[in-house]
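Have a look at the structure below, then the notes.
Below, each value reflects all heavy atoms present in this structure, side chains not excepted, and no hydrogens, waters or symmetry copies. Since the structure is predicted, the reported quantities are computational estimates derived from the model, not experimental observations. Naming: A, B, ... by sequence-line order, numbering from 1 per chain.
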Amino acid sequence: MSKSMTKLVNRVVFWIIVGLIMLYLLFPFYWAVNSSLKNENQLMMTPTTFIPRDPVTKEFSPTLDNYRAVFQSDQFIRGLRNSAIVAGATTLLSLAIGSFAAFALGKLRFRGKSSALYIVLSMTMFPQVTILPGLYAVITGLGLTAIPGMILSYLIFTLPFTVWVLTSFFRELPIELMQAAQVDGATPFQAFRLILLPLTAPALVTAGLLAFIAAWNEYLFALTFTAIEPASRTVPVAIALFPALVARQEPFGEIMAAAVVVTIPIVVLVLIFQRRIIAGLTAGAIKG
Amino acid sequence: MMFKKNASSKLLQREQRLAYLLLLPTFVVLIVVALYPLGLVFVTSFTDRTFASPREPNYVGLNNYTQLLGMTIRELPPLIDEETGLQVVDPKTGGPLYERPLRVLPREPRRYREVTQFSLFGKRYVLGATDPDFIKAVWDTLVFTVVSVLLETILGLGIALVVNSPFKGRGVIRAAMLVPWAVITVVSARMWQWMLAPTRVGVINVIFQMLGLGDGNIAFLTQPEWQLPSIIMVDVWKTTPFMALLLLAGLQLIPDELYEAARVDGAGPMRQFISITMPLLRPTMAVALVFRTLDALRVFDVFQVMLAQSRYSMASYNYYQLIGNRAMGKASAIGVIIFIFIFIFAVLYIRMLGVETD
């Protein structure tokens with residue numbers, strides 16, 4: 001085989017591998033879109049079809065009925081609203097509380113700093129499932145309903161992570177900024193609020209996005225805390241317990257439509273901020 | 001001089017006080033939502049408290065733990081034919097038959113039930129447990145963790161290597177890698193549940209049949225031998241991209257000059273991979289591995305959505321004990337056991353990572 005021939009074969013093999021990777025990553029999502037455009041009869045065709053086809057004429061015939069049904073479903077709409085409230089509030093709270101702590105850990109001198117860092121880091125690995133019964137008791141003890149209960153308990157996983165990402169960011173800001181502000185008569189807290197905090201905007205976006213996605217995704221606490229309060233169910237719970245129209249059949253067409261609806265905004269968000277997200281995800285693991 | 005020192009120590013004191021004040025909200029939250037519930041779970045695990053019930057709980061000592069972890073191994077005597085005095089042979093498979101486990105497993109003070117049978121040195125044994133579902137859940141969770149983390153690492157490394165090589169359109173792949181990661185875990189479980197439908201309505205059955213595997217009617221989520229592989233497949237799809245992203249970041253830290261020098265010395269791609277890429281990627285990979293392992297040990301969503309109560313992970317068993325059985329004491333003991341499992345791994349993680357303090 002000539003040299004240019006080998007090169008060509010190598011290239012072809014390489015692109016086949018790239019194609020297979022793309023197929024593997026995207027196929028399940030394609031399948032959800034495909035299934036969401038089929039009606040009940042089309043879903044039950046054997047063998048299943050790779051595009052929505054008419055059962056008789058075999059022609060391409062998609063339907064939007066499933067999307068219509070999903071947007072008329074109270075449970076789903078309420079789920080979207082509940083999820084937006086819970087994930088939004090969790091994100092804001094953990095950014096507010098977390099940026100205070102991160103400023104202290106990243107820029108201030110105090111005794112016990114390394115143990116405080118150790119505690120925060122170990123909390124990022126806290127197994128949430130362990131405390132399920134105890135947390136339930138705390139939430140009912142505080143007299144909280146499901147939605148504030150979820151917001152409070154999601155801080156277990158969003159807060160330590162936020163503190164960790166923001167601390168590494170604060171640490172990299174030049175100390176001269178703070179000293180200059182102090183020379184001008186600002187207190188350390190003013191230096192934080194007026195000079196350092198605006199500079200951390202990119203890190204706040206990164207940490208906020210990751211916190212939002214984690215909260216949007218959460219299922220165990222949501223399922224447990226809304227067990228006696230169905231009106232407070234979030235999206236993952238609503239999709240897991242999607243009501244069956246026909247008693248013995250799961251409405252997979254509608255479930256897939258709901259899946260597509262909740263996935264697209266997150267995918268768009270993630271694609272817009274992909275650099276930030278990758279940097280945030282890898283920060284803890286690589287820099288540490 | 002004296003004055004200056006005083007002033008700076010005063011400044012330092014003020015700074016210290018501010019730092020504690022700023023840390024206060026974070027630590028209050030962590031105490032309320034993590035440490036206090038953890039303590040509560042620990043205490044409750046020694047009682048027979050019932051979930052959402054006004055009844056006063058009793059102290060039961062280690063009862064919940066012995067109930068969950070009680071195990072015994074008994075030898076199964078061969079099944080003897082009374083007429084011939086020989087061991088009975090299964091007419092279908094030709095294998096020797098043994099007594100039923102029910103007859104050898106103890107019933108007092110607690111009843112042991114069969115978890116599994118195994119043969120060793122020509123003898124047949126049965127593993128019995130007071131709570132076989134929990135023992136199976138622990139075992140399944142460990143198998144799930146080891147296999148899925150291993151597959152994710154291998155596939156993730158492959159993808160990371162491909163994306164790390166310069167070619168047109170690699171930005172597109174990198175973006176596509178974030179899609180499975182961004183899909184809600186419950187949603188991906190539902191998507192796969194539909195793809196894994198037990199007839200040719202499901203695309204996986206159709207693809208398997210095209211490849212000459214199975215008859216197009218494999219019940220992936222109900223046949224015991226297919227359950228774990230299916231769950232692992234879903235988890236691998238969902239988390240391989242995350243692994244690949246971590247490993248990719250590690251790959252990008254390796255300076256190009258090293259590869260150039262190796263090429264000048266005549267080292268081929270395989271040689272470069274073994275003597276440059278692997279050793280330099282090791283720290284990143286170790287961290288990624290332990291990180292994923294901790295995550296996999298507490299797997300809940302995929303198991304609960306796809307297998308419900310036909311097969312448990314440690315976490316989904318905990319959930320069903322708490323919500324389904326209302327056995328708060330027992331659920332708490334399960335929580336403590338999971339905590340111990342994960343604590344061991346977490347200590348390893350912190351040791352490996354080390355913490356930058358300043």
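- Residue B:P25 touches chain A through both its backbone and its side chain, counting heavy-atom pairs closer than 4.5 Å.
- For chain A, the nearby parts of B:M177 are the backbone and the side chain; heavy atoms of each come within less than 4.5 Å.
- Contact of B:V203 with chain A is made through backbone and side chain together, with heavy-atom distances under 4.5 Å.
- With a 4.5 Å cut-off on non-hydrogen atoms, A:W216 touches chain B through its backbone and its side chain both.
- In this structure the side chain of A:F27 reaches within 4.5 angstrom of the side chain of B:M195, judged on heavy atoms.
- In this structure, CZ on B:F339 lies 9.5 Å from CD1 on A:I131, to the nearest 0.5 angstrom.
- Per-residue counts of heavy-atom pairs under 4.5 Å with chain B were compared for A:Y219, A:F103, A:F29; the largest is that of A:Y219.
- Here B:R190 contributes atom CZ and A:M256 contributes atom CE; the two are 7.5 Å apart, rounded to the nearest 0.5 Å.
- A distance of 13.0 Å separates CG in A:L108 from CZ in B:R17, rounded to the nearest 0.5 Å.
- Put simply, of A:A259, A:G112, A:P127, A:S153, the one with the most heavy-atom pairs under 4.5 Å next to chain B is A:P127.
- Checking side-chain atoms of A:R109 against main-chain N and O of B:E15 turns up no donor-acceptor pair under 3.5 Å.
- For A:L271, the part lying near chain B is the side chain, with the backbone staying farther off; criterion is any non-hydrogen pair under 4.5 Å.
- Ranked by non-hydrogen atom pairs under 4.5 Å with chain B, the options A:T140, A:I239, A:V120 are led by A:I239.
- Residues A:G134 and B:V41 approach most closely at N-CG2, 3.4 Å, considering heavy atoms.
- Only the side chain of B:L40 comes within less than 4.5 Å of a heavy atom of chain A; its backbone N, CA, C and O stay farther away.
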### Test log, rule side chain to side chain contact (heavy atoms under 4.5 Å, CB included), inputs B:I184 and A:T263
CA-CA 7 Å; B:I184 296 177; A:T263 303; over 6 Å; no

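- Proximity to chain B is limited to the side chain of A:I21, based on heavy atoms less than 4.5 angstrom apart.
- Between B:V33 and A:L135, the shortest heavy-atom distance links the atoms O-CD1, 3.4 Å.
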### Task
Give the intermediate values and the outcome of side chain to side chain contact (heavy atoms under 4.5 Å, CB included) for residues B:L322 and A:L132.
CA-CA 9 Å; B:L322 180 67; A:L132 189 65; 3.8 Å; yes

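- Put simply, the side chain of B:W237 gets close to the backbone of A:Y24: a donor and an acceptor are under 3.5 Å apart.
- The minimum heavy-atom distance between B:A176 and A:M22, with the atom names listed, is CB-SD, 3.7 Å.
- For B:V234, no part sits under 4.5 Å from any heavy atom of chain A, backbone or side chain.
- Between chain A and the options B:I173, B:N318, B:V163, B:I334, heavy-atom pairs under 4.5 Å are most frequent for B:I173.
- Taking CD1 of B:I323 as the start and CG of A:L223 as the end, the distance is 7.5 Å to the nearest 0.5 Å.
- Of the listed residues B:V32, B:V179, B:D295, B:V201, the one with more heavy-atom pairs under 4.5 angstrom with chain A than any other is B:V201.
- Proximity to chain A (any heavy atom under 4.5 Å) is restricted, for B:K168, to the backbone atoms N, CA, C and O.
- The residue among A:I17, A:L93, A:L26 with the most heavy atom pairs within less than 4.5 Å of chain B is A:L26.
- Both the backbone and the side chain of B:V162 come within contact range of chain A, each with at least one heavy atom under 4.5 Å from a heavy atom of that chain.
- Across B:W192, B:F242, B:Y319, B:F343, the residue that shares the most heavy-atom pairs under 4.5 angstrom with chain A is B:Y319.
- Using cut-offs of 30° and 60° on the angle between ring planes, the pair A:F14 and B:F167 is perpendicular.
- Proximity to chain B is limited to the side chain of A:L210, based on heavy atoms less than 4.5 angstrom apart.
- Contact annotation for A:A102: neither backbone nor side-chain heavy atoms come within less than 4.5 Å of a heavy atom of chain B.
- B:D301 contributes no side-chain N or O that, together with a main-chain N or O of A:L220, makes up a donor-acceptor pair within less than 3.5 Å.
- Residues B:M328 and A:P133 come closest through the heavy atom pair CE-O, 3.4 Å.
- In terms of heavy-atom pairs under 4.5 Å with chain B, the best-connected choice from A:I139, A:V267, A:L159 is A:L159.
- One distance of note links OG1 of A:T46 with CD of B:Q209; it measures 10.0 Å at 0.5 Å rounding.
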### Task
Verify side chain to side chain contact (heavy atoms under 4.5 Å, CB included) between B:Y20 and A:R111, making sure each step is shown before the conclusion.
CA-CA 9 Å; B:Y20 292 143; A:R111 213 172 291 151; 3.6 Å; yes

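- A:V237 does not touch chain B: none of its heavy atoms, backbone or side chain, sits under 4.5 Å away.
- For the set B:M314, B:R200, B:R298, the count of heavy-atom pairs under 4.5 angstrom toward chain A peaks at B:R200.
- Interface residue A:L152: backbone and side-chain heavy atoms are both found under 4.5 Å from chain B.
- Only the side chain of A:I255 has a heavy atom closer than 4.5 Å to any heavy atom of chain B.
- Proximity of B:Y36 to A:V138: side-chain heavy atoms (C-beta onward) are separated by under 4.5 Å at one or more points.
- Contacts between A:F189 and chain B at a heavy-atom distance below 4.5 Å involve backbone atoms as well as side-chain atoms.
- Residue contact with chain B, scored on non-hydrogen atoms closer than 4.5 Å, involves the backbone and the side chain of A:L43 alike.
- The shortest distance between side-chain heavy atoms of B:T185 and A:P236 does not fall below 4.5 Å.
- Contacts between A:L25 and chain B at a heavy-atom distance below 4.5 Å involve backbone atoms as well as side-chain atoms.
- Contact count versus chain B (heavy atoms, under 4.5 Å) is highest, among A:A104, A:P47, A:A137, for A:P47.
- The candidate with the highest count of non-hydrogen atom pairs below 4.5 Å against chain A, out of B:V186, B:V183, B:T199, is B:V186.
- Distance CG/B:L18 to OG1/A:T187: 7.5 Å, rounded to 0.5 Å.
- Only the side chain of B:L155 comes within contact range of chain A, with at least one heavy atom under 4.5 Å from a heavy atom of that chain.
- For chain A, no part of B:M285 is nearby; none of its heavy atoms comes within less than 4.5 Å.
- For chain A, the option among B:S188, B:P180, B:A331 with the highest count of heavy-atom pairs below 4.5 Å is B:P180.
- Both the backbone and the side chain of B:S332 come within less than 4.5 Å of a heavy atom of chain A.
- Using a 4.5 Å cut-off between heavy atoms, A:V270 touches chain B through backbone and side chain atoms alike.
- Contacts between B:F341 and chain A at a heavy-atom distance below 4.5 Å are absent for every atom of the residue.
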### Task
Would you sort out whether A:F110 and B:L23 count as a side chain to side chain contact (heavy atoms under 4.5 Å, CB included), showing the intermediate values?
CA-CA 11 Å; A:F110 63 94; B:L23 282 170; 3.6 Å; yes

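- Across every non-hydrogen atom of A:M123 and B:A34, the tightest pair is CE-CB, 3.3 Å.
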